[in-house]
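Scroll down for the structure; my scribbles are underneath it.
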Amino acid sequence: MELIQRPRRLRGSEVLRKMVRETRMDKSSLIYPLFVKEGTGIQEEIPSMEGQYRYSVDRLPYELERLQNAGVSSIMLFGIPDKKDEVGSGAYVQDGIVQRALREAKKQFPDLYYITDVCMCEYTSHGHCGVLCGHEVDNDGTLKLLAKTALSHVQAGADMVAPSDMMDGRVRAIRDCLDSNGYTGTPIMSYAVKYASAFYGPFRDAAGSAPSFGDRKSYQMDFHNRREGMKEALTDIEEGADIIMVKPAMSYLDMVSEISKATNVPVAAYSVSGEYAMVKAAARMGWIDEERIICEMAVGTYRAGAQIYITYFAKELAKFMDEGRIG
Ligand code: PBG
């Protein structure tokens with residue numbers, strides 16, 4: 001047989017396979033989402049997200065230490081308040097749950113990098129991502145509250161803010177507000193390409209943020225649409241977004257790929273709660289090899305073009321990278 005092309009030549013040994021690897025990853029690109037709630041002495045497991053916990057502010061440092069030891073240096077904070085109201089005031093008060101967690105965490109672990117999720121849904125009594133006008137989410141009325149929330153996070157020590165509400169114009173509103181308060185250097189990671197997805201189910205249990213009526217389809221994107229995702233990404237870049245996020249990850253890698261090719265900003269992908277829960281459930285049944293699945297999902301996301309990976313498996317991935325199993 002006179003074969004000229006023999007792709008198998010480059011697969012002959014582990015050393016060679018590693019030499020020709022096209023996707024290389026690093027722990028510094030991992031972000032770990034973390035839930036913080038009111039109270040003291042609390043570390044409670046989230047039923048739909050086995051292995052993930054809600055922490056009270058005093059317990060948070062234990063987890064931060066584990067992350068730091070694992071080599072995961074960036075976290076994304078989500079707040080779970082005790083009280084909710086119509087206008088989500090818990091999101092932007094100075095002593096809100098995220099603001100207090102930030103002050104405490106920064107004091108104890110100043111070298112970690114703190115990103116905050118900026119949204120209203122955990123704080124509104126109706127569970128929508130903005131304030132209501134009748135049964136509609138009022139876009140423009142929500143913008144100033146989002147900006148106020150982002151500013152209060154930055155004042156409490158956030159290094160970066162990540163708006164996830166999907167209101168039009170929110171990146172611009174947040175950028176203007178941060179700039180006029182002297183925070184011109186604080187980056188915005190926009191959840192720009194965020195779809196209305198059933199993959200968020202376990203998160204809404206975790207954060208108690210499911211809408212009390214209707215759904216989020218009037219602000220999050222229809223998952224049939226690809227070109228619209230590009231429009232959202234480009235609009236947010238024009239408004240001043242420094243990093244563009246695609247969410248969820250696994251079923252949306254076409255978007256990661258397209259956006260990384262069509263733009264020149266870093267692209268982040270968020271492997272969301274439903275992705276995590278599916279892996280955990282199948283692994284518990286003994287139907288999949290959990291560790292290998294975690295690696296494949298991560299590498300697939302980077303291979304598609306993500307530079308940043310937000311995942312509940314951040315500590316596990318950091319370990320696999322240390323062991324040379326991936327990366
Ligand atoms: C909104 C927000 C959500 C998630 C991150 N930010 C929930 C939603 O849009 O309903 C989902 C994250 C996940 O599922 O892991 N604050």
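We count ligands from 1, going down the list as the structure has it; atoms in each ligand are counted the same way. Numbering of residues begins at 1 and proceeds along the displayed sequence. Computation of the quantities below employed the complete heavy-atom set of this structure, encompassing side-chain atoms and omitting hydrogens, waters and symmetry-equivalent molecules. Please read these numbers as outputs of a predicted model, since none were measured by experiment.
Contacts of C121 with ligand 1, taken as heavy-atom pairs under 4.0 Å, involve the side chain alone. Counting heavy atoms closer than 4.0 Å to ligand 1, residue D165 contributes nothing at all. Here F78 has side-chain heavy atoms under 4.0 Å from ligand 1, and that is the only part of it that gets that close.
Stacking of K37 on the aromatic ring of Y53 is not recorded, the 6.0 Å distance cut-off and the 45° axial limit not both being met. The side-chain tip of K247 points at the ring of Y200 from less than 6.0 angstrom away and within 45° of straight on.
Taking a cut-off of under 4.0 Å to the non-hydrogen atoms of K247, the atoms of ligand 1 that pass are 2 (C), 3 (C), 4 (C), 5 (C), 6 (N), 11 (C), 12 (C). Atoms of ligand 1 found under 4.0 Å from any heavy atom of C119 (numbered from 1 in listed order, with element): 1 (C), 16 (N).
The closest protein non-hydrogen atom to atom 14 (O) of ligand 1 is S273 OG, 2.6 Å. The protein heavy-atom contact nearest to atom 12 (C) of ligand 1 is F203 CD1, 3.4 Å. Residue, atom and distance of the protein heavy atom nearest to atom 6 (N) of ligand 1 are D117 OD1, 3.3 Å. Of the protein's non-hydrogen atoms, the one nearest atom 15 (O) of ligand 1 is Y312 OH, 2.5 Å.
Between K106 and D159, at least one side-chain nitrogen of the basic residue sits less than 4.0 Å from a carboxylate oxygen of the acidic one, meeting the salt-bridge criterion. Ion pairing between a basic and an acidic side chain is recognised when a charged N comes within 4.0 Å of a carboxylate O; E50 and R284 show such pairing. Salt-bridge check for D165 with K194: failed, with every basic side-chain N at 4.0 Å or more from each acidic carboxylate O. R66 has a carboxylate O that lies under 4.0 Å from a charged side-chain N of E63, or vice versa, which qualifies the two as a salt bridge.
Judged by distance alone, the side chains of S257 and K261 do bring a donor and an acceptor atom under 3.5 Å apart. For the residue pair H128 and Y219, a side-chain donor N or O sits within less than 3.5 Å of a side-chain acceptor on the partner.
Ring planes of F203 and F35: tilted class, angle from 30 to 60°.
Looking at M76, K194, M120 and measuring to atom 2 (C) of ligand 1, the nearest heavy atom belongs to K194. Scanning S164, G127, A207, S197 for the heavy atom closest to atom 1 (C) of ligand 1 points to S164.
Distances from ligand 1 to the non-hydrogen atoms of Q220 include at least one value under 4.0 Å. Look at Y270 and you'll find a heavy atom under 4.0 Å from some atom of ligand 1. Distances from ligand 1 to the non-hydrogen atoms of M166 include no value under 4.0 Å.
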